[in-house]
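Below you'll find the structure, written out as C-alpha cells, and then a few comments.
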Amino acid sequence: MAKILGPHHGWILAAYIVGAMVSGAIFLALLTTVPPRYRKPIVMVLTFLAGLFYSLEFLLPPEAWFFVKPNRNPLTDWRPFVGTLTQIVWSFALLLGVWNLFQIHGKAVVKRGPGWYNSAAFFVAFAAIVFAGFAKDMSRSTAPAQLYTILFKGFLTSLDATMFSLIAFYIVSAAYRAFRVRSLEAALMMSAAGIIMLALVPVGAVVTNWLPNTGFLSIFRLEKIGYWLLIGPNMAAQRAIAFGVAVGGLAMSLRIWLSLERGSFFDRQL
Amino acid sequence: MGILARLQNIDRRILYLLIALVIAAPLLQRPRRHPHIIFSEVRNAYKTLDTVPKDKIVILSAVWGPGTRAENEPQTEALMRHLFMRGTKFVVLSWDPLGSDLTYDDGLRIQREMGKQYGRDWVHLGYNPGPMYTVISGMAKGFHQVFKRDKLGTPLTKLPVTMGVKDYRQIGAVAEITPSGTVWTWIAYFNTPYNKPLVYCPTAVMAAEAYPFLDSGQISGMLNGVIGAAQYETLLGMEDKRTYAAAASWALSSAHIFIILLIILGNLGYAFMKRKGTREQGGRRIG
Amino acid sequence: MVEWLAKNTTTITIWAGALSTFAIYSVLYAENRFYRLFEHIFIGLSAGYGVYITWSEVLRPKWWQPMVVGGKWYWAFAAVLGSMFYFMYSKKDAWISRVIFGLFMGLAAGGMFREFYEIYFPQMGASMKPLMANGMTIWDSVNVVIFYVILFASMSYFFFSFEHKNVALAKSAAAGRWFLMIGFGAIFGATVMGRMTLFIGRFNFLINDWGPQVAIAWKSIWFKSFVALLFLAAVMLILIFKSHRKRKVSTLDGK
Amino acid sequence: MIGTTPYANPAVWIVEGLLVFFILYKILSARRGRELFIRRIPGLSALDEAVGRATEMGRPMLYAPGLSGLDIVGLQSMAILSHVVRHAAKYGTRVIVPLADPVLYTVAEEVAKDAYAAEGVPEQFNPEDVRFLSDRQFAWASGVVGILHREQVASAFYFGYYYAESLILAENGQMIGAIQVAGTPATTQIPFFLASCDYTIIGDEYYAASAYLSREPTLLGSLVGQDYGKLVIVGLIVLGAVGVTLKVLAPDLPFVAWLNDLFLKFFPRGL
C-alpha cells in the first residue's frame, strides 16, 4: 500500500496522475448510469457517512475501550487531511461563480445594451488583476508587482474600506428614522442605544459628572449605567438568543445529516 | 409648526453632510483640550503600567497594521510615552509586517522627543509571523529561545533592555494593541498562568466584547479605541497639547452627541404631529 | 509606460484610492454612473483576486505542488471530486453534483456536536450564577436575579409550540421581547463609535495621503486646467441630470 | 475553548443526547399525523404581503441570502427563497437573487427553477435573475446596492448570514421605498435590520421559518422538539444555579458538593 501511495517522481508520477484521472472519469461515467431510483439513497448514505466523520471524531473519546493503541481516536489524525481536502475541492467551485459573471457581463458587452461599458470595465479589472497577480509571481520584472500594488492597494482595499465606512452615514439616518417613541419596544431600544452612546464618550459622561465616583449614588453615573447595560441585560438577552439559535442549528444539522430535511431542494427527484 | 413637522423628515443627504462635517471639523481644527473625564478602565490601565517594577520590562504586543492605524497608533504612542516617562523598559512585538515598520517609526519619533535611546530604553523585536500561542507560551519559558535578534538584526543578548530577560519572571506586564480577537491568546497562555496584568487596547468595534473580561479581572485595564488613547494622554499630563487622539476623540464624541440630538429632534417633531392627529409619513413599524 | 508606472506607483496608488473613495461616497447622494462604473470594477477586481489568491494560496501550495513536486499523485482525485460540481450544468446528470453537495453538507452537519459543545457549553456554565455567595453584595445578588429574569423571559419568547394562552407564558414572552429590544439597543449604541472611526480612517487617508499628492499636482498647469475642465463638465452633467430626473420622477413615482 | 478536553464527556452525551432524542421523537410522532400548534411569527406572515405589493407596483423583488454558504444557514435561506419564488411565480413577478457563494449560487438556481416549475410556469424562469456577484463581502454589498437602485425593487428580503453589510443594504432599500423583511441568526446585525426594515425576525425564529411557511409535519415536529430542547437547557441552568447557591447556603448537604463538582467539571466557566 505504502508503495502505491508513493511519493513517485518523473514518468511514473505522470502515469499515476493520468491513471487517477482516468479512473476518476470512469467512476463519474459509471455514476451517470445509476438508475434514478438508486440516486437518492446513494446521496443519503454518502451524506450520512460524511457526517459520521466529524461526529465520531468528537463523540468518541480516546479512552474508549475499542481504541486499543495508546488512547488515540484515529479519526483525529485524519482531521488535517480532511480539512485540506475540503478546502481544495471547495476551491474548484469558485469557477462556477466566475463563469456566471462571465455569462452575464459577456452578454451585456456583446449586446451593447445600456451600460455595457460597465460590463467591459468588469472584464478589464478582472483580466488586469489576474494578469498582474500571476505575472508578479512568475516574472522577474517589478512592473507586474507595481501594477498589482495599484490594483490591490489602490483600488481593491480602498473600495473595501470605503464601502465599509458607508455604515458611518447609514447608522445616522437609521437611528434618526427608527428611534421614535412609537411603541414601547421602539422606546426601549432607543433609550438603551442613547444611554450607551452617551456613556461611551467623555463628553456624554459629563451629564452625570456631579455624582460621586464611589458609593451608592455612583451607580447612577452614565458610564456605569452604560457599562451595566452592556454586561447585564444585554448579555442576558444575547445569551437567550444564542441558546435558541444553538438548538435550532443543532436540529437543522440533524435533519440534514439524517436526510430528514424537507423543502424544494430536498424533495426534488434526482 | 412647519419647522417641527419638517424636523421629523430631514432629508438624509443633509444628515450625511452634517455628520461628515461634525466629524471632519475637530480633525481639521485639532482642538487643544483633552477630555477631562477619565473612565475607570483607562485609569486602571494607567495604574497597571505605572506600578510595574523598574527591573521588569513591559511587552507591547502590536497586532495592528495600516488598516486600523487611525485607532491603534494613538494607543501605542500613549503607552510608549508613559513608559518612557517612567523609565520602564519595554519591547515592541509586532504581528503585522507593515505594522512592524509603523510601530518602529513611532518609537523612534517619541524617543527623539523625550530624549531616550534605542536599545537602552526600548527594543523593537520586529515582525513575528506567529502562530501567536507558540510564540507566547515559548517566550514565557525561555525569552531568548524565541527571540534571537531585534528588528535591525542585533542579537538581543547584546542589548541592555533584553540582556537580563530570561523568562516570564522579568516581564512585568503586557499591553495588547489589536484590531482583532487576539487577546484571548495572551490571557490563556501568559497572563492567567503566570498571573501577569494585561492592558487591552482594542479598536472601538472590538471593545464591547471585552467588558465581561474587565469585570472578571482577566483584563486589568483597557483603552477603548482612540477615545481611550486621548484619556490616557490626559493622565500623562498632555491635556493642552494638540494631538490627533484628542481631535479624533472630539470627533467621535460630537458624532455621538449629534446622533442623540437628531433622535431628540425627530421625536419632538413626532410628538407634535401626533398631537395634531396627523399620521406621519410612511408609518413604518418595528417588529 | 512601464517606466512611468514604476516611477509613480505610490502616486498612482494614492490617486486610485482617492478616486475609489469618491466613487463609493457618491452613492450617498444618489446612485450614479460613476458609482456604477466602480461597482463593476470592484466586482471584477474581487473576482480576479479570488481566482489569483485561490490558486496561489490554496491550490498551488496545497494541491499542485504536493502532487507534482511532492509526488503525492493521489491528490489528482481531488480534481475529480471538484469536477463533480460542474455536472449541475448537465440536465441529465445533474444528480452527480448532488453527490458532492451531499458530502459537504454531511461534513458540515457532522461538526454540530462539537460546535454545540465548544460554543454553548461554556455559555451554559457561565449562566449558572450563585444568587448568594461570600463576598457578594446585595447589589450583586440583585444583578443575578435580573440576569435570570431577562434570560428566562427572553428564552420564553422563543418557545414556538406552546400556545400563549397560558397567561404567565404570554406575559413572560412579551416581557422577553422588551428585554431583547433593550439588548438590541445596547448593541446599536455600542456599534456607533466603531463605525464612525471607519469614516475617520477614510478621512485621514484623503487628508494625510492624498492631500499632499494634490498639492504636488497643483503645481503643474496641466493639472489646473484639467480641474477646471472637470468642474465645467460636472456642472453640465448636473444640469443634464436634473432635467433628466424631472422626467423620470413622473414615471417612477409609484409610491 | 481553553482548558477543556477536545472530546465529548459524559455531560455532552447526556445533554446532546437528550436534545437529539426530543427532536427525533417529535419528528417521528409528527409524521404519524399528530396535530401540532405553532405560534404566529408576524415577520414571516409579512412575506406574502411583500410579494403582493411588488406585484401591485409591477416592480421586481430582491432576495439576498447574505454571505451564507452551503451550510445550515444558507440552506434555511433557500427554503425561504423557495416560498418567496413560488408566490412570485404565481403572480408573474420577478425575483432577483444576488449570491455571495459560488456553490450556494448553484443551489439557488435550482431552487428558483423548481419553484417556477412547481407553479406550472417554468418558462418564466430567467437564469439571469439568479446571479453570483462576488465572494468578497463589500464587493457583494456594492453590487446589491447597485441592483436595488437600478431595478427599483419594490420588496426586499434579507434572509441568511449577515455581517456589517446588513445596514448598507437595508438603508439603501429604505431609500428607494422598498418594503423590507429580514431575518438572520447573527445577533449583532439584528438591531440594524430592526431599525431599517419593516419586519424583522429574531434569533431562532429564523430556523423556525421553513416549518412555519411549509407546515410540513417533519419540520413542525422538529420545531416542537427544539422547544423541549430549550427546556432542557433552562432546566440545566436552574439546576446549576441552585447547586452553586446551595453550596454557600447549605454546604453540609451531602449531594450539594457532588452536584457542584459535577457542574464545575463539565461546564467550563467561560464568559
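By convention in this document, chain letters (A, B, ...) are assigned in the order of the sequence lines, proteins followed by strands, and residues within each chain are numbered from 1. On a predicted model such as this, the values are computed, not experimentally measured, just so you know.
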| query | Distance under 6.0 Å and angle within 45° of the ring axis: does Arg202(C) meet both against Phe205(C)? | reply | yes
| Centre of Phe147(C)'s six-membered ring, under 6.0 Å away, within 45 degrees of the axis: is that where NZ or CZ of Lys129(C) sits? | yes
| task | With sequence neighbours excluded, tell me which residues meet ring pair (Phe, Tyr, Trp, His ring centres under 6.0 Å) with Trp210(C). | result |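 Expected list: Trp15(C), Phe22(C).
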Side chain / backbone / both / neither for [X] at chain C, heavy atoms under 4.5 Å:
| X | result |
| --- | --- |
| Met190(A) | neither |
| Gln238(A) | side chain |
| Thr32(A) | both |
| Val82(A) | side chain |
| Trp99(A) | side chain |
| Leu96(A) | both |
| Ile12(A) | neither |
| His9(A) | side chain |
| Leu101(A) | side chain |
| Phe152(A) | side chain |
| Leu254(A) | both |
| Ala175(A) | both |
| Phe155(A) | both |
| Ile17(A) | both |

| What residues, two or more places apart in sequence or in another chain, satisfy side-chain hydrogen bond (donor to acceptor under 3.5 Å, both in side chains) together with Ser97(C)? | none
| query | For Phe27(A), does the CZ atom have more than 12 heavy-atom neighbours from other residues, nucleotides or ligands under 6.0 Å away? | reply |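 Incorrect, the count does not exceed 12.
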Distance only, no hydrogens: is a donor on one side chain within 3.5 Å (strictly under) of an acceptor on the other, for [X] and [Y]?
| X | Y | result |
| --- | --- | --- |
| Tyr52(C) | Lys136(A) | yes |
| Thr157(A) | Asp160(A) | no |
| Ser156(C) | Ser172(C) | yes |

Quick check on the interface: out of [options], who has the most heavy-atom pairs with chain C under 4.5 Å?
| options | result |
| --- | --- |
| Met252(A), Arg255(A), Met197(A), Gln146(A) | Gln146(A) |
| Ile241(A), Val247(A), Leu52(A), Leu229(A) | Ile241(A) |
| Asn234(A), Asn118(A), Leu94(A) | Asn118(A) |
| Ile256(A), Leu230(A), Thr86(A) | Thr86(A) |
| Tyr148(A), Phe243(A), Phe53(A), Trp257(A) | Phe243(A) |
| Val172(A), Leu166(A), Val18(A), Val98(A) | Leu166(A) |

| request: Quick one: sort the Phe38(C) and Phe34(C) rings into parallel, tilted or perpendicular, breaks at 30° and 60°. | output: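 Ring orientation, 0 to 90° scale: perpendicular.
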| request: Anything under 30° is parallel, anything over 60° is perpendicular, the rest tilted; go ahead and classify Trp90(A) against Phe85(C). | output: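 Rings of Trp90(A) and Phe85(C): perpendicular, as their planes differ by over 60°.
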| message | Is there a side-chain contact between Arg114(C) and Glu57(A) in this structure, where contact means two heavy atoms from C-beta onward sitting under 4.5 Å apart? | response | yes
| request: Would you indicate whether the side-chain heavy atoms of Trp95(C) and Ile42(A) approach each other to under 4.5 Å? | output: yes
| task | Look at Phe101(C), Phe158(C), Trp178(C) and state which one has the largest set of heavy-atom pairs under 4.5 Å with chain A. | result | Trp178(C)
